[in-house]
Amino acid sequence: MIDDGMYLNPESPKTRSIRKASYKGKDVLLIGGESHKAGQGKAVSHHYLALEKFAEETFGIKQVIDRWSAQDLTTLDKLPYIGPMHDDYPNIYVSTGYRKWGMTTGTLAAMILSDLAEQKQNRYADLYDPKRFYADPSIVTFLRENLNVATHLIKGKLDGTKQSLGKLERGTGTVFKHNGQRSGAYRDDDGQLHIVDTTCTHLGCEVNWNDGDRTWDCPCHGSRFSYTGEVIEGPAEKPLQTKSFTMFDAIDVDQESSGY
Ligand code: FES
């Protein structure tokens with residue numbers, strides 16, 4: 001075990017953060033790392049396994065109590081936005097873009113926002129002003145992020161995935177196509193299929209299966225949906241459309257016989 005405190009191993013690509021916590025009266029470790037974009041790159045299970053391996057090799061930990069993924073918002077210039085959101089609404093404040101430093105930045109935000117609310121000077125207010133605009137490197141980052149979104153939008157539409165639902169094991173999900181339409185299927189632990197339209201309800205990119213959390217994740221702006229289609233995390237506000245189980249059950253039989 002480690003002493004109280006938070007520790008960060010900044011080496012790339014194996015950044016790890018470690019801190020001690022208490023769970024049901026016992027000391028546990030919170031180990032974070034494996035940064036990646038939602039819905040992009042390697043299977044999420046790969047990231048969880050890497051963290052478990054690190055925990056075992058470094059601390060001899062054999063039991064994992066829980067695991068989860070969270071999203072950290074990053075602004076164009078990587079500094080948080082803290083302050084009045086817009087000149088037209090000077091009394092509406094925003095505080096976001098903490099880039100994984102929520103405890104530190106949350107405290108900073110409280111100091112800045114309380115000063116602003118009381119109309120006091122704060123020496124950091126200009127630095128974190130949400131209305132700032134720096135042409136460089138913000139423009140480059142902005143263009144790169146939008147290119148990334150465009151790439152995934154097109155890639156998702158061209159996805160030629162062809163999977164057989166008949167072979168889909170319990171607790172697993174997959175993307176498949178029928179009559180040219182991309183859909184997603186998850187077979188729960190009781191064997192029931194849950195089928196969704198994989199078109200994200202935010203701006204129409206195609207969601208991908210997250211095998212670590214059993215969710216549908218959008219590679220464009222990070223919306224996440226449960227395997228039954230409900231929104232877990234925005235910016236999407238509407239659930240994924242679900243599809244008739246009965247219809248696809250029949251397709252499943254077709255797939256097996258036709259090698260679909
Ligand atoms: S298109 Fe899916 S989150 Fe924007």
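Order of listing sets the numbers, starting from 1, for every ligand and every atom in it. These figures come from a predicted structure and were not determined experimentally.
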Give me the residue, atom name and distance of the protein heavy atom closest to atom 3 (S) of ligand 1. Ser223 OG, 3.1 Å
Mind checking whether Thr198 and Val207 have side chains closer than 4.5 Å, heavy atoms only? yes
Numbering the atoms of ligand 1 from 1, which are under 4.0 Å from a heavy atom of His202? 1 (S), 2 (Fe), 3 (S), 4 (Fe)
Greater than 12 external heavy atoms within 6.0 Å of Met103's CE: no
With atoms numbered from 1 as shown, which atoms in ligand 1 lie under 4.0 angstrom from a non-hydrogen atom of Cys205? 1 (S)
Check the orientation of His221 and His202. Use parallel for under 30°, tilted for 30 to 60°, and perpendicular for over 60°. perpendicular
Strictly under 2.8 Å, is any N, O or S atom of Cys218 next to atom 4 (Fe) of ligand 1? no
Starting from the C-alpha separation in whole Å, work towards a yes-or-no answer on salt bridge (Lys or Arg N to Asp or Glu O under 4.0 Å) for Glu56 and Lys62. CA-CA 6 Å; Glu56 182 167 4; Lys62 304 229 181 275; 3.0 Å; yes
Atom 4 (Fe) of ligand 1 to His221: nearest N/O/S atom name: ND1
Considering only non-hydrogen protein atoms, determine which one is nearest to atom 1 (S) of ligand 1 and report residue, atom name and distance to 0.1 Å. Leu203 N, 3.2 Å
Have Lys100 and Ser17 got a donor and an acceptor in their side chains that come within less than 3.5 Å? no
Can you confirm whether the side chains of Glu206 and Thr199 place a donor and an acceptor under 3.5 Å from each other? yes
At less than 2.8 Å, would any N/O/S atom of Cys220, backbone or side chain, sit next to atom 4 (Fe) of ligand 1? no
